[in-house]
Colleague: 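Sending over a structure as structure tokens; questions will come in a sec.
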Amino acid sequence: MDPGIICFQHCGPKVFCMNLTEKCPTCEEDLSEAKFLLMPFRVPYPFVRASQYPCAVVIKPTVGDFLNDYYNSMDLHIGVTNSSGLIVEFDKHGLRRHKSKEWDQCLLLDQVDTPWREHWDNVLTTFCKDSCWTAKDYDEDAHNCYSFVLCFLCALDYGTLSTAAANRSLFCEQFIVGRTTSAGKYISLFRKLKERCFYVHKE
Ligand SMILES: [Zn+2]
């Protein structure tokens, strides 16, 4: 999934590319024996496969994926995983607990420590039995995926995650904005490199 964006600095500006260029795009020096200001390294891929993160809170675009389709924070859909890595999500289809490829490129907002996993599953199971999470109850603004996840996190009673969950905007500030902002930088690099071999970042 990781497209493998590489970053290096040879004579000045940061250069980003998918495959290391032969010559420095800035000064044209052959890079095979060149000295770098910053040795080439792989830019950390910000996304995860939800199924590999049990008992976690995850977010993804409502439609499509981050790298190709994400446009702004309005398009986001939030869900949680249980201890076996199954996705539990609430949307217009109602409540679903399943394995889904659609969650193979998402942002990890938080994950509880291992000793808490049994508690997480118990609260989640009880919470899912609540009758207010059917397709009929769904409302795009007032009773949506955020309502489901935030109510569950409050019921969980797990430190700052639950405290923040009591308030939509506080939760967004503490757990979402930072992640989507840094993912946004990666996405913008990826899209630049879809059109050309390298991108020189001039400060
Ligand atoms: Zn150079």
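Both ligands and their constituent atoms are indexed starting at 1 by order of listing. Below, each value reflects all heavy atoms present in this structure, side chains not excepted, and no hydrogens, waters or symmetry copies.
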Colleague: Under a 3.5 Å cutoff, is there a donor and acceptor pairing between the side chains of Ser147 and Asn144?
Modeller: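 There is such a pair between these side chains.
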Colleague: By side chain to side chain contact (heavy atoms under 4.5 Å, CB included), which residues pair with Lys192, not counting sequence neighbours?
Modeller: Ser188, Arg196, Tyr199
Colleague: Any idea how Tyr138 and Phe90 line up, ring-wise: parallel (<30°), tilted (30 to 60°), or perpendicular (>60°)?
Modeller: perpendicular
Colleague: Looking at Ser51 and Gly85, would you say the former's side chain and the latter's main chain have a donor-acceptor pair under 3.5 Å?
Modeller: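 Checking the backbone N and O of Gly85 against the side chain of Ser51, no donor-acceptor pair under 3.5 Å is found.
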Colleague: Ignoring water, what protein N, O or S atoms are under 2.8 Å from the Zn ion (ligand 1)?
Modeller: His10 ND1, Cys11 SG, Cys24 SG, Cys27 SG
Colleague: Are Pro54 and Gln111 side-chain neighbours, meaning at least one heavy-atom pair lies under 4.5 Å?
Modeller: yes
Colleague: Could you tell me if the side chain of Leu95 sits less than 4.5 Å from the side chain of Phe148, heavy atoms only?
Modeller: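 Answer yes - side chains close enough.
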